[in-house]
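In what follows, a single structure is set out as structure tokens and then discussed.
What you see is a predicted model, and the numbers here were worked out from it, not measured in a lab. The figures that follow rest on heavy atoms only: side chains count, while hydrogens, waters and symmetry mates do not. In listed order, ligands and their atoms are each counted from 1.
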Amino acid sequence: MSNRILIIEDEESIADLEKDYLELSGFEVDIESNGDRGLRRALNEEFDLIILDLMLPGADGFEICRQVREAKNTPIIIVSAKKDDIDKIRGLGLGADDYMTKPFSPSELVARVKAHLSRYERLIKSGTPENDVIEIRGLKIDKTARRVWVNGEEKPFTTKEFDLLTFLAANPNHVFSKEELFRNIWDLNSVGDIATVTVHIKKIREKIETDSSNPQYIETIWGVGYRFRI
Ligand code: CA
């Protein structure tokens with residue numbers, strides 16, 4: 001299976017050039033020209049690497065880098081015309097893996113993409129034996145890599161969905177009220193209330209349950225809260 005790469009870049013000519021070279025090297029490539037859409041896709045879909053421009057309409061590259069890094073470890077290569085911006089993103093410690101200044105040679109980009117992908121794959125493989133994994137029937141939660149599989153198929157999870165699922169699965173057969181869950185997963189300054197918990201439970205069920213109305217993992221205990229069934 002070929003690696004999937006997401007390019008978030010609003011300059012069409014640059015995005016197309018990057019895409020052409022990467023496709024010639026056998027990668028599957030998607031382009032997003034808008035920052036908000038790019039961020040959404042980076043969070044909700046599985047890409048093996050992200051090439052990220054900094055100045056974008058919608059969310060900018062700084063924000064995208066920060067949010068993606070909070071949720072997952074996908075390698076990020078920042079590409080920017082301004083060296084100052086690259087210094088800034090380094091200074092902020094947003095967790096990008098590499099930086100390139102425009103203009104750059106496309107073959108240099110391809111070489112760096114390959115280097116980061118193989119480094120990342122080695123990292124995942126070498127980390128596997130020590131990863132903290134919860135396996136319950138067809139559900140596999142890798143707490144270390146923050147990844148979830150249902151019957152062998154990986155499902156994308158947001159940070160809070162992952163935290164909530166992991167909390168429940170790590171404490172099976174224990175009924176938690178919505179208030180308890182909210183307190184444990186969301187910090188005190190979070191905007192929201194216990195309705196947030198309900199919404200997140202619904203989203204998690206859509207991902208892990210075969211039939212959301214007859215859940216096999218997260219049970220609703222009416223009037224009390226939720227319980228993870230083991
Ligand atoms: Ca730009």
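Contact annotation: M55 places an N, O or S atom under 3.0 Å from the Ca ion (ligand 1). Distances from the Ca ion (ligand 1) show that E9 has no N/O/S atom below 3.0 Å. None of the N, O or S atoms belonging to E11 lies under 3.0 Å away from the Ca ion (ligand 1).
Tracing side-chain contacts under 4.5 Å through hydrophobic residues (I, L, V, M, F, W, Y), one never reaches Y99 starting from L109; they form parts of separate clusters. When the side chains of ILVMFWY residues are joined at heavy-atom separations under 4.5 Å, either directly or via intervening members, V150 and I201 end up in a single hydrophobic cluster.
Ring pair F176/F167 is tilted by interplanar angle, where 30° to 60° counts as tilted.
The closest donor-acceptor contact from the side chain of N171 to the backbone of H174 lies at 3.5 Å or more, if one exists at all.
For D10, the N, O or S atom closest to the Ca ion (ligand 1) goes by the atom name OD1. Looking only at N/O/S atoms, D53 comes nearest to the Ca ion (ligand 1) through OD2.
Side-chain N/O atoms of R205 and T220 include a donor and acceptor closer than 3.5 Å.
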